[in-house]
Amino acid sequence: MKIAIAGAGALGSRFGFVLQQAGNDVTLIDGWPAHVAAIKEHGLKVTLDKDTYTTQIPVMFPKEVTQNMAMDLIIVFTKSMQLDQMLQDIKPIIKDHTKILCLLNGIGHEDIIEKYVPKKNIFLGNTMWTASLVGPGHTQSFGSGSVSLQNLVAGNESDAEILAACLSEAGLNAQYTDNIHYSIYRKACVNGTMNGLCTLLEVNMTTFGKTTPAHQLVTTIVNEFAAVARHENIELDVAEIVSHVENCYDPNTIGHHYPSMYQDLIKNHRTTEIDYINGAISRKGQKYGVPTPYCDFLTALIHCKEDIIQDNEAVTN
Ligand SMILES: NC(=O)C1=CN([C@@H]2O[C@H](COP(=O)(O)OP(=O)(O)OC[C@H]3O[C@@H](n4cnc5c(N)ncnc54)[C@H](OP(=O)(O)O)[C@@H]3O)[C@@H](O)[C@H]2O)C=CC1
Ligand SMILES: CC(C)(CO)C(=O)C(=O)O
């Protein structure tokens with residue numbers, strides 16, 4: 001399959017690498033100049049658990065794509081706030097047959113994608129794989145993960161199955177699900193707890209899981225997500241989802257991972273996706289008249305921390 005990874009940061013590079021190894025024709029598209037330059041010069045470096053591989057892989061900036069680069073599949077892996085601009089920039093390679101698979105964290109990305117792609121070509125998903133950038137041109141991951149995906153509109157189930165099979169052939173453990181909106185809420189509960197809390201406390205998931213209030217905090221936040229989801233006719237199984245979140249603490253799987261929000265804010269001093277996770281629940285809560293005090297507080301605290309880190313950065317520079 002001819003595949004573009006639009007947003008080839010930590011996870012996009014990892015997916016691009018394994019899909020190329022499985023025999024697909026993969027192109028990485030990314031806007032970070034140092035990263036693109038490093039991949040062009042030295043190849044893409046990928047550390048999977050203890051082994052490091054280097055591969056030559058085509059890479060370019062979003063504005064460099066050309067009409068003749070027709071893609072069968074584009075996997076979008078930007079940060080939430082970069083998605084609209086990325087799709088705008090890569091319009092020339094989105095053809096009538098091009099499928100878009102969105103694996104970003106957060107809720108509601110289909111509203112942006114629908115501006116650029118007919119609904120029949122949109123596939124939504126989420127992933128429990130993890131990754132972080134060691135530096136430009138080098139991504140590292142440990143542990144195992146999975147992908148769930150589904151077609152946005154009825155009738156394209158077989159295409160979704162084909163995409164899941166393509167990802168699984170590359171070892172990405174992908175499954176077709178018949179209820180992706182439930183699955184996106186379930187994953188958003190992982191991010192709505194782990195990402196904000198580990199970022200504020202500056203710890204990985206194993207360390208957070210050992211704290212005394214961990215269970216109460218996670219349960220309260222998941223209950224807020226469930227109260228909002230109910231207004232969209234999605235009935236979350238709170239006990240199962242709390243246990244799914246708590247499985248992330250396991251140091252033998254992904255417990256040592258610092259969530260992507262920690263990497264954005266604490267490591268790279270960049271703004272976070274909080275408005276697409278807990279912030280999205282707060283906005284929906286207001287709309288439906290559902291109180292969401294923990295999500296509101298967590299969103300506000302992350303924004304405080306963004307401001308403090310950016311002010312410190314401005315003083316240092
Ligand atoms: N990392 C993880 O373990 C997981 C991530 N996700 C989700 O996947 C999506 C992609 O996340 P992830 O792969 O972590 O994203 P990254 O932050 O690694 O990369 C996203 C984009 O950010 C820019 N960028 C990243 N680091 C730097 C830097 N140091 N300096 C300048 N620019 C930089 C690049 O684009 P540009 O230069 O154009 O800004 C890059 O395409 C998100 O929605 C995330 O929530 C989901 C599951 C796990
Ligand atoms: C690994 C995981 C599940 C942690 O919340 C994630 O999605 C992230 O890092 O953003």
Side-chain angles (χ1 to χ4, degrees), residues 4-17 28-39 59-64 75-90 101-109 112 125-148 172 184 186-199 203-206 208-209 218 221 244-250 253-278 313:
I5 308 285
L11 212 50
S13 294
R14 178 193 209 286
F15 272 55
F17 170 72
L28 305 181
I29 302 172
D30 198 77
W32 182 18
H35 188 53
V36 172
I39 297 171
V59 59
M60 59 180 62
F61 292 113
K63 288 206 158 73
E64 286 180 328
I75 305 181
V76 284
F77 249 138
T78 59
K79 290 296 182 190
S80 302
M81 43 285 187
Q82 301 167 324
L83 180 60
D84 203 336
Q85 186 62 52
M86 174 61 84
L87 289 170
Q88 178 70 33
D89 289 344
I90 64 168
L101 171 61
C102 175
L103 294 177
L104 273 62
N105 282 333
I107 296 174
H109 299 308
I112 304 269
N126 56 69
T127 180
M128 288 299 289
W129 289 101
T130 67
S132 56
L133 284 170
V134 179
H138 187 181
T139 181
Q140 76 172 356
S141 299
F142 50 83
S144 58
S146 58
V147 176
S148 297
L172 288 166
I184 285 174
R186 183 172 181 264
K187 174 69 201 286
C189 287
V190 177
N191 300 118
T193 50
M194 291 303 93
N195 290 26
L197 294 169
C198 290
T199 303
V203 294
N204 65 24
M205 297 189 281
T206 297
F208 171 73
V218 168
I221 293 170
H244 175 54
V245 172
E246 291 177 342
N247 283 338
C248 295
Y249 305 156
D250 184 349
T253 57
I254 58 172
H256 286 149
H257 173 72
Y258 286 79
S260 54
M261 190 174 289
Y262 173 99
Q263 296 169 46
D264 291 333
L265 188 55
I266 309 302
K267 191 169 157 229
N268 296 321
H269 302 176
R270 292 162 62 86
T271 49
T272 71
E273 293 180 299
I274 195 75
D275 287 336
Y276 299 84
I277 307 171
N278 304 81
E313 185 106 313

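Every heavy atom of this structure was used, including side-chain atoms; hydrogens, water molecules and symmetry mates were not. Indexing begins at 1, ligand by ligand and atom by atom, following the structure's order.
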Testing Asn126, Asn195, Val190 for side chain to side chain contact (heavy atoms under 4.5 Å, CB included) with Asn105, which one passes?
Asn195
Starting at [atom1] of [X], measure out to [atom2] of [Y] and round the result to the nearest 0.5 Å.
{"X": "Ile112", "Y": "Tyr276", "atom1": "CD1", "atom2": "OH", "result": "6.5 Å"}
{"X": "Ile107", "Y": "His109", "atom1": "CD1", "atom2": "NE2", "result": "8.5 Å"}
{"X": "Leu104", "Y": "Thr127", "atom1": "CG", "atom2": "OG1", "result": "11.5 Å"}
{"X": "Glu246", "Y": "Met194", "atom1": "CD", "atom2": "CE", "result": "8.0 Å"}

Thr139 side chain to Arg14 side chain, donor-acceptor N/O pair below 3.5 angstrom:
no
Flag for Asp89-Gln85: side-chain donor and acceptor within less than 3.5 Å:
yes
With atoms numbered from 1 as shown, which atoms in ligand 2 lie under 4.0 angstrom from a non-hydrogen atom of [X]?
{"X": "Val190", "result": "3 (C), 5 (O)"}
{"X": "Pro259", "result": "9 (O)"}
{"X": "Met194", "result": "5 (O)"}

Working for side-chain contact (heavy atoms from CB on, under 4.5 Å), residues Leu133 and His138
CA-CA 6 Å; Leu133 284 170; His138 187 181; over 6 Å; no
For the student: nearest non-hydrogen atoms of [X] and [Y], plus distance:
{"X": "Phe142", "Y": "Ile254", "result": "O-CG2, 4.3 Å"}
{"X": "Cys198", "Y": "Phe208", "result": "SG-CB, 4.0 Å"}
{"X": "Ile29", "Y": "Ala4", "result": "CD1-CB, 3.9 Å"}
{"X": "Ser260", "Y": "Glu273", "result": "OG-OE1, 4.5 Å"}
{"X": "Leu103", "Y": "Ile75", "result": "CD1-CG2, 4.0 Å"}
{"X": "Asp30", "Y": "Pro62", "result": "O-CD, 3.3 Å"}

What's the shortest distance from [atom] to any protein heavy atom, and which residue and atom give it?
{"atom": "atom 4 (C) of ligand 2", "value": "Asn195 OD1, 3.6 Å"}
{"atom": "atom 18 (O) of ligand 1", "value": "Ala10 N, 2.8 Å"}
{"atom": "atom 6 (C) of ligand 2", "value": "Asn191 ND2, 3.4 Å"}
{"atom": "atom 13 (O) of ligand 1", "value": "Leu11 N, 2.8 Å"}
{"atom": "atom 44 (C) of ligand 1", "value": "Glu273 OE1, 3.4 Å"}
{"atom": "atom 40 (C) of ligand 1", "value": "Asp30 OD1, 3.2 Å"}
{"atom": "atom 6 (N) of ligand 1", "value": "Asn105 ND2, 3.3 Å"}
{"atom": "atom 1 (N) of ligand 1", "value": "Ala131 O, 2.9 Å"}
{"atom": "atom 32 (N) of ligand 1", "value": "Arg270 NH1, 2.8 Å"}
{"atom": "atom 14 (O) of ligand 1", "value": "Lys79 NZ, 3.3 Å"}

The one among Tyr276, Trp32, Trp129 that brings a heavy atom closest to atom 48 (C) of ligand 1
Trp129
Of Lys187, Glu273, Met205, Met128, which has the heavy atom at the shortest distance from atom 7 (O) of ligand 2?
Lys187
In ligand 1, which numbered atoms sit nearer than 4.0 Å to a non-hydrogen atom of [X]?
{"X": "Thr130", "answer": "3 (O)"}
{"X": "His257", "answer": "3 (O)"}
{"X": "Gly31", "answer": "36 (P), 37 (O), 38 (O)"}
{"X": "Thr78", "answer": "9 (C), 10 (C), 42 (C), 43 (O)"}
{"X": "Asp264", "answer": "17 (O)"}
{"X": "Leu104", "answer": "43 (O)"}

Does [X] use its side chain to pair, donor to acceptor, with the backbone of [Y] at less than 3.5 Å?
{"X": "His35", "Y": "Ala8", "answer": "yes"}
{"X": "Thr253", "Y": "Asp250", "answer": "yes"}
{"X": "Ser148", "Y": "Gly125", "answer": "no"}

When you compare ligand 1 with Phe77, is there at least one nitrogen or oxygen pair between them that comes in under 3.5 angstrom?
no
For ligand 1, which is the ligand I care about here, please tell me if Gln82 has any N or O atom under 3.5 Å from one of the ligand's N or O atoms.
yes
contact_flag Ser132 ligand 1 heavy-atom lt 4.0 Å
no
Between ligand 1 and Lys187, can you find any atom pair, the residue atom being a heavy atom, that is separated by under 4.0 Å?
yes
Carefully, step by step, assess Ile221 and Asn278 under the rule side-chain contact (heavy atoms from CB on, under 4.5 Å).
CA-CA 9 Å; Ile221 293 170; Asn278 304 81; 4.2 Å; yes
Taking the non-hydrogen atoms of Met261, is any one of them nearer than 4.0 angstrom to ligand 2?
no
How does Leu133 reach ligand 1, if at all, at less than 4.0 Å between non-hydrogen atoms: by side chain, backbone, both, or neither?
side chain
Just to be sure I read this right, does ligand 1 sit under 4.0 Å from the backbone of Met261, its side chain, both, or neither, counting only heavy atoms?
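Neither; nothing of Met261 gets under 4.0 Å from ligand 1.
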Just to be sure I read this right, does ligand 2 sit under 4.0 Å from the backbone of Asn105, its side chain, both, or neither, counting only heavy atoms?
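Just the side chain.
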[X] N/O under 3.5 Å from ligand 2 N/O:
{"X": "Trp129", "answer": "no"}
{"X": "Thr130", "answer": "no"}
{"X": "Ser260", "answer": "yes"}
{"X": "Tyr258", "answer": "no"}

Can you name the one residue among His269, Arg270, Lys79 that meets side-chain hydrogen bond (donor to acceptor under 3.5 Å, both in side chains) with Asp264?
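Exactly one candidate clears the test, Lys79.
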